[in-house]
**Q** 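One structure, pasted below without further comment.
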Amino acid sequence: MEFLVDMVTTVPEGTSEDEVAAMRAREAARSAALTAQGSLLRLWRPPLAPGEWRTWGLFQADDAEALETVLASMPLRAWRRESVTPLTPHPNDPGQPPRQPGR
């Protein structure tokens, strides 16, 4: 199953720039590992409001429980709120194999 995850990060007040940089580095390393294992497919930056830190991610997992395990493994989860949308294939998706007539 694929899931679109809207991730909004809020850095706690008083967090040093060094702490933010370290957290970002851990997140980047974990994201690379999740990509290598096939759980993280894509990341996008939507239009941002001033000072907003937000990402959209396309994840693949067997089910919502497996996705939760993946999301919980990401360091930024400590500072983030997420909105998860399960996705199902559209019959006219150009990325899907062609349908056979009458099916």
Side-chain angles (χ1 to χ4, degrees):
M1 259 186 100
E2 291 181 335
F3 299 86
L4 181 64
V5 182
D6 183 3
M7 300 171 279
V8 179
T9 302
T10 304
V11 177
E13 200 168 314
T15 304
S16 73
E17 291 198 24
D18 287 343
E19 289 173 294
V20 171
M23 178 68 89
R24 282 184 185 245
R26 287 193 307 275
E27 182 79 0
R30 183 63 185 141
S31 294
L34 292 172
T35 299
Q37 75 181 37
S39 296
L40 176 57
L41 304 178
R42 300 285 307 272
L43 290 173
W44 294 272
R45 263 280 175 240
L48 300 174
E52 186 176 37
W53 189 353
R54 185 176 188 184
T55 304
W56 290 340
L58 180 62
F59 290 82
Q60 184 168 293
D62 289 337
D63 53 32
E65 186 177 320
L67 175 67
E68 174 56 28
T69 300
V70 167
L71 295 176
S73 77
M74 300 177 78
L76 275 174
R77 182 76 167 316
W79 297 347
R80 181 165 64 209
R81 72 180 193 283
E82 301 152 344
S83 174
V84 175
T85 304
L87 302 172
T88 56
H90 189 284
N92 296 329
D93 179 357
Q96 295 296 315
R99 293 181 305 192
Q100 298 297 318
R103 292 187 185 178

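Positions are given from 1, in the same order as the sequence printed here. Small disclaimer: the values here were computed from a predicted structure and weren't measured.
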**Q** Enumerate, atom names and distances included, each donor-acceptor pair closer than 3.5 Å involving a side-chain atom of residues 42-52, sequence neighbours excluded.
**A**
residue : atom : partner : partner atom : Å
Arg45   : NH1  : Arg54   : O            : 2.9
Arg45   : NH1  : Thr55   : OG1          : 3.1
Glu52   : OE1  : Ala49   : N            : 3.0

**Q** Taking side chain to side chain donor-acceptor pair (under 3.5 Å) as the test, write out the residues that go with Ser73, two or more places apart.
**A** Arg30
**Q** Once side chain to side chain contact (heavy atoms under 4.5 Å, CB included) is applied, do any residues pair with Ser16, and if so which ones, sequence neighbours excluded?
**A** Asp18, Glu19
**Q** Please give me the minimum heavy-atom distance between Leu71 and Arg80, naming the atom from each residue.
**A** O-NH2, 4.3 Å
**Q** On a heavy-atom basis, which atom in Met7 and which in Gly57 lie closest, and how many Å separate them?
**A** CE-N, 3.7 Å
**Q** Got Met23 and Val11 here, is their nearest side-chain heavy-atom distance under 4.5 Å?
**A** no
**Q** To the nearest 0.5 Å, tell me how far Met74 CE sits from Thr9 OG1.
**A** 9.0 Å
**Q** Could you measure the distance from the CE atom of Met1 to the OG1 atom of Thr88? Nearest 0.5 Å is fine.
**A** 7.5 Å
**Q** Taking side chain to side chain contact (heavy atoms under 4.5 Å, CB included) as the test, write out the residues that go with Arg24, two or more places apart.
**A** Val20, Trp53
**Q** Given side-chain contact (heavy atoms from CB on, under 4.5 Å), test Asp6 with Trp56 step by step and report yes or no.
**A** CA-CA 5 Å; Asp6 183 3; Trp56 290 340; 3.4 Å; yes
**Q** Rounded to the nearest 0.5 Å, what's the gap from CD on Glu27 to CG on Leu34? Could you check?
**A** 8.5 Å
**Q** Not counting sequence neighbours, which residues clear side chain to side chain donor-acceptor pair (under 3.5 Å) with Ser39? List them please.
**A** Gln37
**Q** Provide the full list of salt bridge (charged side-chain N to carboxylate O under 4.0 Å, His left out) pairs with a residue in residues 60-71, sequence neighbours left out, each pair given once.
**A** Glu68-Arg77
**Q** What pair of heavy atoms forms the shortest contact from Leu41 to Glu2, and how long is it?
**A** CD1-OE2, 3.4 Å
**Q** Any chance you could measure Phe3, atom CZ, to Glu82, atom CD, to the nearest 0.5 Å?
**A** 12.5 Å
